[in-house]
Structures are given as C-alpha cells and as structure tokens.
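A short worksheet on the structure shown next.
As a basis for the values below, the full set of heavy atoms in this structure was taken, side chains included, without hydrogen atoms, waters or symmetry mates. Numbers restart at 1 for each chain; the letters A, B, ... are given by sequence-line order, proteins then strands.
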Amino acid sequence: MPAARPPSLVSLKRRAEFLRVRGGSRCATASFVLEAKPRAQQDVSVAVREARFGFTVTKRLGKAVDRNRIKRRLRAAVRNVQMKHARPGFDYVIVARSPALDTAYATLLGDLEKALERVHEAPRERRGAKGTTR
RNA sequence: CUAGCUGGCCGGACGGCCGCUGCCGGGCGAACAGGCUUUGCGGCCACAAGCGCCCGGUGGAGGAAAGUCCGGGCUCCAGGGAUCGACGGUGGCGGCUAACGGCCGCCGGAGGCGACUCCAGGGAAAGUGCCACAGAGAACAGACCGCCUGAGCGGGGCAACCUGCAAGGGUAAGGGUGAAACGGUGCGGUAAGAGCGCACCGCGCGACCGGCAACGGAAGCGGCACGGCAAACCCCACCGGGAGCAAGACCAAAUAGGGGCGGCGCGGAUGGCUUGGGCAACCUCGUCAUCCAGGCAUGAUCCAGGCCGCCGCCCGGGUUGGUUGCUCGAGGCGCGGAGCGAUCCGCGUCCCAGAUGAAUGGCCGUCGCGGAGGGAAACCUCCAGACAGAACCCGGCUUACAGGCCAGCUGGCAAA
C-alpha cells in the first residue's frame, strides 16, 4: 500500500546543483525544457536515493503571481508522473516557458512523460556535443 | 424615481480526489544516556526532551501583501564637551498620536445651484536675480498716434480776426501693444487733462472688540502708494547620528594577514661621545645636543585626552551549512463611557501565516453574480471574472483594481 502513494518531492536547493545538471541531456517542449543528469557517486548520500527535481522560472515569464502558479502547476505534474518515469539517482531541472501558465493540464502531463522518456533514451551523444562547448 | 456627493465594507460560495507547511495529541522505530542484573557477551525496566515515519485534530496571503515614499519599534556600529557652519526635510492655527511629511477640527483662498471638493497656504518695506515676444514705455516707468498750448515763419483781411506750417512745453482722459500700463464709475474742474476736488466702490494703515490661535469685525485716518515669481537663490522657525533581519547572536567544519589584558620601551633624521665585533667599509649597545615633530578617529575651531613598537597569555574575524532572531502585537473583536472628531479610557473575550530554490496549493464538478445572443416564459448557449503573492514587525501615504453591498446627505421630478 505505501507504494501506491506518490513519494514526496525532493527538490534541488543550491545553485551549484542547478548548474551541474546543465551539463546533462535535455529535451524541449512547448511549455518547458527538461534537463537531466545522473548524480555522481560522491553526491549520492544515503538518505536521498530518489530522483530530485529543480524548477527554474525566470522573471521574463511574468510577475510573481504568474511565476508562482507556473511553479505549482509544474510541481503538481511532476508529482503525478515521477513514480512511473523518473529514475532514482537522477537530478532533473525543469526550465519553464510562458505557455506553462495556460496550457491544459493533461497536455502538460503528456509532455512531461514524453520528455522524461526521451531524456533517458539518448543521453550519450547529446552529452558529448554539450561537452565540447563547455 | 432620478442625477450626484461623502463615508464605510466585500473582493465569489460549496463539494470530491491528491498534496505542502506550522502547532497540538497519540502510536511505532533507531541511536545515545539512566537503573537493575551478569565475570563478561548480553538481557530486562522506565520515561523527560530531541530525531525519523505514520494517524487524528487544528491554523495557513492582501486590501492593497505592491511602490519602498515618510514615521516608529527592534538590532548593531559610532558617539568627550562647547560653539559655529554645512546638508536634508517640514511650512496657516489648534489638537490627536510612540512618531510622522499622517489624521481630526477650525481659519484663509479657489471652484460648484447645492451636498461638497481642491490648495508646498511662512517671509517679496534684508538682499541678489528674472519678467520672453509685442510695445513709445515693464519697476526710482513711458509721449508713438492723439488732445491742449505755442516762440517763430507765412497766406487772407482796413481792422478785430480767420487760417497753414511749426521748435519747445503741458497732458496718462482716448487709440494702439501686452498676461500685466501708477485703481473704477459719475459729477465738478481745466487750455487740454490729471485724486486736482467731491460722492460711492476698491485699496492701505488701523484705535478698539471677539477668538487659546490662525483669523474675523471695525470707528477713524490716508487721495492711492507698497507689481508678480520664494516648486529662483535666499531669510525665518522647527526637526534630523549612521546602517539595516543578508541587522544581530550561537553552533559545526577547514585555513591565515586581527582584538583584549599584563610587562617593557616611548617616533624619525643628523652630529658628537661611548660598548662590543670586524683588516676595513660598516654593523651594534647606551647617552647627549639640534631639527622635524607624523598618522588615525565628527566637517571646522577651541579646550581636555587616547592609540602606534617588542614579548608573553587569552580570545576571536571572512566563507559555507545549520539553529536563533520569528512572531503576543502602539494586536483583533464585542460592550460601555468621554469628546463635534481624530482619538483616549474601562471591562470582557480571542490567539489569528511563519516559509527560507521560499509553503499557504493542483485538477475537476455544482451553484451564484455580470455581459451578449435566442425564446412569450421557464430556460438554453457562449464569453468574462480584476489588481495582484507575506519575507523582522507596526502606523500612514501613494499607486493598481472586474464587479458589488450598506449608511448619511444634496439637487430635480412626482405623490401625500
């Protein structure tokens, strides 16, 4: 029975953690960009084994009320899909785009599922392409 | 009924599934510590607080949370005194308040038929400055056209006189310019005019009266001047240390360039003598003389002071993470009383967000409200639902805002 409940959401907290995930693989949709990267061995503490998520909502997207709402919708969406599609030991960063405020919640969920799959499919070549630019 | 004015208030409601967070209660678990027992490993017992998980209960964004424009509380830093100056702010009077640049009441001015609204509303006879363009003249004013007078030179006439030109003088009533031209109207007066004189109006001064005051009224006096701008400098009165919860305090980790206390010494340069070392240049110990006396801490000055080097001991800074500050407060609500009111007093009652990559929600349904369309109606369909998210806390101001409610008052219409 405890498996049926979605696990509580573990979020990224420090700026350094956000910057590290930028080097990982990415997938863009209409309302957000998803970035993912497996945690290095020394970062995996015993307590935190689950997938962790971070949200980036820049000031360009609107005033504080709109930004808060975008963040809450994305967080609710992640809570619904992370059981099936997120992998433990991974860090994810979701960079919001302006349609995230208005698009139907169902399409938001569908986009998130697709993006999570694609991010896990082909991490290799994207990683290499990104690595040269850094 | 309608048009308006003022003040106050609200800022969708209910339900379902799934979440976040503070507090309270309960349960479970692990570690440490405690007691008993055992030679020991270990076993048993008990619960205060903390930690993790679970269950239940309960609280969880705003009237502006916003802009960060004022005023405070709180915290740290600086702060010896006096005087002067600088800078910033405020600006009718009285009151309220912890305080304010806020609020209330009153006064003055402007607007409105009215309810009522608006006003940085001290000083322009302390000084400096500006008042463009137009206009002749614009701040100790000014004769362009006019009007009046007119030396003199002409023309006509016997003469009285008529008439043309005209230097100069008088004149601010008329024209013209302008935002503004030494007050307006009338009568008298005059060569023409003019406060030159008079009446009324306006203006200035104003004994005295009323008011705590701002101010109001006003006998009488003055023939009329003293223009505007102080949101130009300025003058006057009053107020004002600085920085802000990333304040500040504590804990842990890893690394070195600060502080306190005690003792000793009392800056530098040059020269003389001197101790010790060196072949010597020179280095070194001490002392005397002369000269300069330095830097730091509010802007200046004055008075009174402090610190600077070496040794020993003790303690801590900056960074990252965590804890705290952190929400009970100039607090909300109700009743009663004082006051025109802002507000104050008394009693009762309530505890009402505390997050920190930052919670206070996500999705869905029903109803209600507003607009448009359809329909005879019940009703149906579509659209809209604002401004906006606490970050230490209060008191204000300002700005944004779909829609709606209540009370009082004013004008008009109708009825009684």
Could you measure between the two [atom1] atoms, the one in [N] and the one in [M], and give it in whole Å?
N      : M      : atom1 : value
B:C340 : B:G368 : C1'   : 44 Å
B:A31  : B:C44  : P     : 13 Å
B:G175 : B:G137 : C1'   : 16 Å
B:C397 : B:G102 : P     : 9 Å
B:G317 : B:A254 : C1'   : 15 Å
B:G169 : B:G164 : P     : 23 Å
B:C45  : B:A30  : P     : 13 Å
B:A115 : B:G12  : C1'   : 35 Å

Using 0.5 Å steps for rounding, measure from the CG atom of A:Leu108 to the CD atom of A:Glu113.
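Those atoms lie 11.0 Å apart.
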To the nearest 0.5 Å, what is the distance between CG on A:Leu74 and OG on A:Ser31?
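Interatomic distance, A:Leu74 CG to A:Ser31 OG, rounded to 0.5 Å: 7.0 Å.
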Syn or anti: how is [N] classified when any glycosidic angle within 90° of 0 counts as syn?
N      : result
B:A61  : syn
B:G123 : anti
B:C161 : anti

Under-3.5 Å N/O pairs linking protein and nucleotides 353-358 of chain B:
{"residue": "B:G357", "atom": "O2'", "partner": "A:Leu12", "partner atom": "O", "Å": "2.4"}
{"residue": "B:G357", "atom": "N7", "partner": "A:Lys13", "partner atom": "O", "Å": "2.8"}
{"residue": "B:G357", "atom": "N2", "partner": "A:Phe55", "partner atom": "O", "Å": "2.9"}
{"residue": "B:A358", "atom": "OP1", "partner": "A:Ser11", "partner atom": "OG", "Å": "3.3"}
{"residue": "B:A358", "atom": "OP2", "partner": "A:Arg75", "partner atom": "NH1", "Å": "3.3"}

Strictly by Watson-Crick or wobble contacts shorter than 3.5 Å, is anything paired with [N], and which nucleotide is it?
N      : answer
B:G80  : B:C303
B:U343 : B:A338
B:A376 : none
B:G12  : B:C367
B:C51  : B:G29
B:G129 : B:C229
B:C20  : B:G60
B:U185 : B:A199

With sequence neighbours excluded, what pairs up with [X] under the side chain to side chain contact (heavy atoms under 4.5 Å, CB included) test?
X       : answer
A:Ala28 : A:Val33, A:Arg97
A:Ala86 : A:Ala51, A:Phe53, A:Gln82, A:Tyr92
A:Ala77 : A:Tyr105, A:Leu109, A:Leu112

Euclidean distance, atom [atom1] of residue [X] to atom [atom2] of [N] [Å, nearest integer]:
X        : N      : atom1 : atom2 : value
A:Leu112 : B:C363 : CG    : P     : 15 Å
A:Arg79  : B:G362 : CZ    : P     : 12 Å
A:Leu109 : B:C364 : CG    : C1'   : 13 Å
A:Leu74  : B:G361 : CG    : P     : 17 Å
A:Asn80  : B:C20  : CG    : C1'   : 15 Å
A:Arg73  : B:U360 : CZ    : P     : 15 Å
A:Phe53  : B:G19  : CZ    : C1'   : 16 Å

If we check side chain to side chain contact (heavy atoms under 4.5 Å, CB included) with A:Cys27, which of these qualifies: A:Lys114, A:Arg118, A:Glu117, A:Glu35?
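So, applying the side chain to side chain contact (heavy atoms under 4.5 Å, CB included) to A:Cys27 and each of A:Lys114, A:Arg118, A:Glu117, A:Glu35, only A:Arg118 qualifies.
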Check nucleotides 388-390 of chain B for protein N or O atoms closer than 3.5 Å to its own N or O atoms and list the pairs.
{"residue": "B:A388", "atom": "OP1", "partner": "A:Lys63", "partner atom": "NZ", "Å": "3.4"}
{"residue": "B:G389", "atom": "N7", "partner": "A:Asn68", "partner atom": "ND2", "Å": "3.2"}
{"residue": "B:G389", "atom": "O6", "partner": "A:Arg72", "partner atom": "NH2", "Å": "2.9"}

For residues 54-66 of chain A, please give each side-chain donor-acceptor pair under 3.5 Å, one per line with the distance, not counting sequence neighbours.
none

Just do the salt bridge (Lys or Arg N to Asp or Glu O under 4.0 Å) check on A:Lys37 and A:Asp91 with the steps written out, would you?
CA-CA 5 Å; A:Lys37 193 176 186 182; A:Asp91 281 346; over 6 Å; no
Test log, rule side chain to side chain contact (heavy atoms under 4.5 Å, CB included), inputs A:Arg69 and A:Leu101:
CA-CA 7 Å; A:Arg69 184 166 159 78; A:Leu101 184 64; 4.0 Å; yes
Report the C-alpha distance between A:Phe32 and A:Asp111 in whole Å, list the side-chain angles of each, state the deciding distance to 0.1 Å, and finish with yes or no for side chain to side chain contact (heavy atoms under 4.5 Å, CB included).
CA-CA 9 Å; A:Phe32 58 86; A:Asp111 285 351; 4.0 Å; yes
